[in-house]
Amino acid sequence: MDVSAILDPLNDEQREATSAPPGNILVLAGAGSGKTRVLVHRIAWLIQVENVSAYGILAVTFTNKAAQEMRQRTESLLGIPAAGMWVGTFHGICHRLLRQHWQEAGLPQSFQILDSQDQQRMIKRILKSLELDESKWPAKQALWFINGRKEEGVRAEHIPDNGDPVNRQLVRIYSAYQQTCMRLGVVDFAELLLRTLEILRDNEQLLTHYQNRFRHLLVDEFQDTNTIQYALLRLLAGKHGSTFAVGDDDQSIYGWRGARIENIQQFSKDFANTQIVRLEQNYRSSGNILNAANALIDNNQGRLGKNLWTNSGNGALLDLYAAYNEQDEARFVADRIQQWVNEGGKRTEVAVLYRSNAQSRIFEETFIAATIPYRVYGGLRFFERAEIKDALGYLRLCVNRNDDASFERVVNQPPRGIGERTVELIRQHANAHSVSYWQAATACIETQQLSSRAATMVGGFLELIEKLTKNILDLQLYEQIDQLLHISGLLDHHRNDKSEKAQSRKENLEELVSAARAYEHNTEDELSPLEAFLAHAALEAGDGQADAWEDCVQMMTLHSAKGLEFKLVFLCGLEEGLFPHQMSVEEPGRMEEERRLCYVGITRAEQQLVLSYAESRRLYGKENYSMPSRFIGELPRDLLQEIRPQIMVKQSVPATFQASHASPEDFNGIDIGRRVLHTKFGEGVVLNCEGRGSHARVQVNFESAGSKWLVLAYANLQPL
Ligand code: ATP
Ligand code: MG
């Protein structure tokens with residue numbers, strides 16, 4: 001038998017793991033050391049050499065895209081289709097099992113999956129039926145509680161009464177929620193996993209069937225499995241199964257969603273005779289990139305520890321760009337991408353990575369302007385996000401009362417007690433009389449076609465829009481949007497919710513204010529700034545994004561970049577408070593997870609890594625002056641090449657400047673050594689000055705805030 005196709009492309013340790021006799025194996029290795037490659041080769045080995053049927057293999061990956069790739073790579077190694085093999089995410093696999101065993105699971109054959117929005121809506125209805133006041137019992141809190149318990153494998157009836165009234169009430173909601181789900185035949189995401197675990201655990205026949213079938217379990221990205229996923233693996237493996245897990249403790253980045261890094265240490269205790277294989281050679285990145293990653297992660301405590309090396313040479317230094325602001329950062333990235341393409345590189349080889357979804361907007365706009373095709377992964381583009389569309393819906397309605405789509409979208413968003421039945425009545429009236437929903441709503445109230453409660457609610461909504469329109473009439477565009485977010489209740493709606501998702505929605509809404517502030521209205525056109533901005537948003541949502549097959553730049557959050565690799569990687573927004581994220585600065589323990597996320601980002605790069613931060617950034621509607629991220633400081637200086645924009649530096653010229661009104665010519669009138677006052681940072685002394693025009697900036701040593709570079713045009717410095 002010729003196994004050279006399977007073994008030849010591997011090094012000794014990889015070969016050892018791939019060709020080990022069936023049994024439990026844990027491959028514990030750093031980024032880019034070939035874990036995923038080994039897992040694929042292991043599958044091929046099992047099928048070809050150990051004569052395992054593809055039907056007996058269950059492989060778990062982190063995304064559907066990775067699952068597809070795994071199947072393709074296995075089949076091309078084998079030269080035949082691996083029919084019958086199950087490859088998928090934990091959720092996908094559990095869904096498949098429940099579809100096949102709906103009866104055992106006590107579900108209707110056509111059970112539906114609830115996404116988190118549906119889930120929340122259902123909880124709201126339950127709160128009402130339990131006569132609980134939503135202001136005291138926010139639906140989001142209940143949702144968080146329920147999902148959290150489910151992810152730990154805990155049902156409402158298992159939660160002991162500890163006498164705490166809050167806990168007691170949440171358990172009551174959980175219990176009622178679950179009953180409703182069962183009655184309606186729907187399951188949420190966490191339920192997919194829990195229900196599967198339960199039917200396997202409680203149904204011996206079924207469990208034996210699957211234990212006999214899936215004798216070989218393989219798991220990629222094992223460090224990010226949660227309690228229930230781990231329990232499922234143990235159950236399926238039973239006494240006779242072989243589990244092959246590959247992972248990297250340094251890349252565990254989903255702790256906030258219940259992943260348990262401890263599962264790695266636990267593995268060899270729970271899975272008999274585990275053979276641990278370590279891979280140390282990195283095949284992905286150049287020496288400089290790898291050394292930077294190693295140095296960074298060395299700042300974490302309690303690591304399992306590993307020593308990654310490469311023999312691919314040092315390669316280029318890491319570039320570090322100190323941008324003036326977020327626009328300068330985006331322009332710089334766009335220029336570098338153009339340069340890459342001019343030198344013969346492909347756009348698909350380039351990734352722009354960021355910590356927070358809201359950062360994508362400025363890159364999207366810059367890429368569109370520079371005609372660089374791009375694709376945003378694992379998240380919607382800015383103007384397509386639900387919360388942004390809600391906000392725009394209000395604005396559209398202010399501009400045009402007859403915009404029915406917007407009326408429908410926001411009439412009960414945030415929820416104000418206008419039910420589907422009322423909206424249906426309005427729709428029917430509109431259709432029957434060929435008028436807009438707005439007109440129909442007005443008519444329905446006048447002719448008392450709505451119940452008095454519904455009439456009050458709908459009337460309130462109409463008034464709200466009228467009031468909004470009046471209030472924002474004379475304001476600047478960004479103030480109009482800011483007002484809208486407050487008056488409509490949209491911001492509060494997301495603010496009251498403490499979940500990560502709501503946090504990001506709120507941030508996106510605030511980012512919309514930034515977008516408006518930065519939006520340059522072309523005064524030649526006929527539209528009002530608001531109308532022009534709405535048109536701009538519609539166009540950007542429409543066709544900015546490249547088609548999947550087009551050669552385009554890849555944009556994604558660091559979380560979605562896990563497992564992937566690119567020749568040129570931009571790691572953007574390396575600022576304290578943004579990355580590491582403010583939430584982790586405040587919460588000890590999370591900082592290490594942020595550092596692992598940075599490690600994941602750095603190790604995506606094969607040839608070139610460009611780091612950037614902005615000295616001032618308008619994000620979430622506010623102007624921020626942040627320190628460069630601590631992670632930059634943790635990288636060895638000799639690996640970094642600092643890039644400053646082409647600037648003219650002139651020093652010691654007469655002190656005649658008025659900072660806030662500085663024109664390009666008189667800017668250089670700044671005196672080094674002069675005392676200045678800043679509204680936020682207080683008094684300080686000018687240490688340095690650089691640049692011209694809108695790029696003009698000064699370095700000031702503030703008494704309390706330390707030394708900072710400020711963009712003169714925004715800094716509003718008062719000479720003292
Ligand atoms: P991550 O931790 O980021 O998921 P990984 O450990 O799964 O990384 P892979 O993605 O499997 O690493 O491999 C990284 C890169 O190195 C891939 O391009 C892979 O094809 C290549 N590679 C792995 N092993 C070898 C080898 N023995 N010879 C040549 N290239 C290899
Ligand atoms: Mg991998």
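Fair warning: this is a prediction, and the values are worked out from it, not measured in the lab. All values below were derived from every heavy atom in this structure, side-chain atoms included, with hydrogens, water molecules and symmetry-related copies excluded. Remember, it's 1-based here, ligands and their atoms both numbered in the order they're listed.
Ligand 1 has no atom lying under 4.0 Å from any heavy atom of A29. Not a single heavy atom of D248 lies less than 4.0 angstrom from ligand 1. Ligand 1 has N11 within reach: a non-hydrogen atom of the residue lies less than 4.0 Å from it. Proximity of K562 to ligand 1 is not established, as no heavy-atom distance is less than 4.0 Å.
Counting protein heavy atoms only, atom 23 (C) of ligand 1 is closest to R37 NE, 3.3 Å. Scanning the protein for heavy atoms near atom 2 (O) of ligand 1, the closest one is K35 NZ, 2.6 Å. The nearest protein atom to atom 21 (C) of ligand 1, hydrogens excluded, is given as Y283 CB, 3.7 Å; this is a heavy-atom distance. Of all protein heavy atoms, the one closest to atom 15 (C) of ligand 1 is E565 OE1, 3.3 Å. Scanning all protein heavy atoms for the shortest distance to atom 10 (O) of ligand 1 gives R284 NH2, 3.1 Å. G563 CA, 3.7 Å is the protein heavy atom nearest to atom 4 (O) of ligand 1.
The existence of a salt bridge linking E16 and R278 is excluded, since no basic side-chain nitrogen approaches an acidic carboxylate oxygen closer than 4.0 Å. Salt bridge K306/E280: absent, no basic N to carboxylate O contact under 4.0 Å. In this structure, R630 pairs ionically with E576, as a charged nitrogen and a carboxylate oxygen lie closer than 4.0 Å.
For ligand 1 and G30, the ligand atoms under 4.0 Å from any heavy atom of the residue are 6 (O).
Taking any N or O of G32, backbone or side chain, at least one lies under 3.5 Å from an N or O belonging to ligand 1. An N or O contact shorter than 3.5 Å links G34 to ligand 1 by distance. Between P9 and ligand 1, at least one N/O pair is under 3.5 Å apart.
For the side chain to side chain contact (heavy atoms under 4.5 Å, CB included) with S360, the qualifying choice from E511, E365, M555 is M555, the only one to do so.
Atom SG of C572 is separated from atom CG of L353 by 7.5 Å, given to the nearest 0.5 angstrom.
Contact annotation for T36 and ligand 1: heavy atoms of both the backbone and the side chain come within less than 4.0 Å of the ligand. At a heavy-atom cutoff of 4.0 Å, ligand 1 is contacted by the side chain of Q14 but not by its backbone. The part of R604 lying near ligand 1 is the side chain, judged by heavy-atom distances below 4.0 Å.
Looking at L235 and L197, their side chains come closer than 4.5 Å, going by heavy atoms from C-beta outward.
Side-chain N or O atoms of N282 include one that pairs as donor or acceptor with a backbone N or O of A31 at under 3.5 Å. Side chain of Q265 to main chain of N263: no donor-acceptor pair is present (N/O by atom type, distance under 3.5 Å, no hydrogens or angles).
The aromatic rings of F189 and H91 sit perpendicular, their planes meeting at an angle over 60°, well past the 30° parallel limit.
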query: How far apart are the C-alpha atoms of R596 and E593, what are their side-chain angles, what is the distance that settles it, and do they pass the salt bridge (Lys or Arg N to Asp or Glu O under 4.0 Å) test?
result: CA-CA 5 Å; R596 292 194 291 268; E593 182 151 307; 3.4 Å; yes
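Separation of the F363 and F570 ring centroids does not fall under the 6.0 Å cut-off.
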